[in-house]
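Read through the structure below, which is laid out as structure tokens, and then see the notes.
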Amino acid sequence: MDVLLQAALEARGHAHAPFSHFLVGAAIEAADGRIYGGCNVENSSYGLTMCAERTAIFRAVAEGAKRFTRIAVVADTPQLTPPCGACRQVLWDLCGDLEVVLFNLAGASETFRLSDLLPRAFDATYLD
Ligand code: THU
């Protein structure tokens, strides 16, 4: 299996989801080949929950990574789980037109461009 998908699966094993019981793993690949995993981390004040995708990208940025090529996202759903709107926006800002690989525990997978998942995105170019 692709090492990026393996890293996402491994990260899913650390998901902290005592409220939804919906376990998500993500792994982001930097341009230099390094991989950073993330899982969802829920909070008793529900709105403070952090998705797996943002955990992964924030971790990567915190560790000094700057350019990114792909993110993989895994959940146990027959219909592949896509990043939520907040994660799409954060990924666009920090990564640009990333490749997004969705997969599930049954082995189904599908790949998208972030620009297809978030058309006409708002970003820093509007602030110039
Ligand atoms: N979640 C993610 O981590 N990523 C997604 O792509 C969709 C949703 C999490 C947030 C929350 O912990 C749980 O899944 C249910 O929404």
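When a ligand or atom number is given, it counts from 1 through the structure's own listing order. No hydrogens, no waters, no symmetry mates; every other heavy atom, side chains included, goes into these values.
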Exercise. How would you list, by chain and number, the residues with a heavy atom under 4.0 angstrom from ligand 1?
Worked result: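 Around ligand 1, where the cutoff is 4.0 Å for heavy atoms, the contacting residues are Ser20, Phe22, Val24, Asn40, Glu42, Thr49, Cys51, Ala52, Glu53, Thr81, Pro82, Pro83, Cys84.
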
For this session: Evaluate the side-chain proximity of Glu110 to Phe103: yes if any heavy-atom separation is below 4.5 Å, no if none is.
Result: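 Of all side-chain heavy-atom pairs linking Glu110 with Phe103, none is under 4.5 Å.
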
Problem set entry | All ring pair (Phe, Tyr, Trp, His ring centres under 6.0 Å) counterparts of Phe22, not counting sequence neighbours |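 By the ring pair (Phe, Tyr, Trp, His ring centres under 6.0 Å) rule, Phe22 matches no residue at all.
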
Exercise. Does the side chain of Thr111 pick up a donor-acceptor pair with the side chain of Glu99 at under 3.5 Å?
Worked result: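 The criterion, which ignores hydrogens and geometry beyond distance, is not satisfied for Glu99 and Thr111.
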
Exercise. Mind checking what makes side chain to side chain donor-acceptor pair (under 3.5 Å) contact with Thr125, not counting sequence neighbours?
Worked result: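 Scan of Thr125 (side chain to side chain donor-acceptor pair (under 3.5 Å), adjacent residues dropped) gives Asp123.
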
Exercise. Does Thr49 have any side chain to side chain donor-acceptor pair (under 3.5 Å) partners at least two apart in sequence or in another chain, and if so, which?
Worked result: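 Scan of Thr49 (side chain to side chain donor-acceptor pair (under 3.5 Å), adjacent residues dropped) gives none.
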
For this session: State plainly whether the residues Glu63 and Arg34 are in salt-bridge range, i.e. N to O under 4.0 Å.
Result: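 Salt bridge present between Glu63 and Arg34.
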
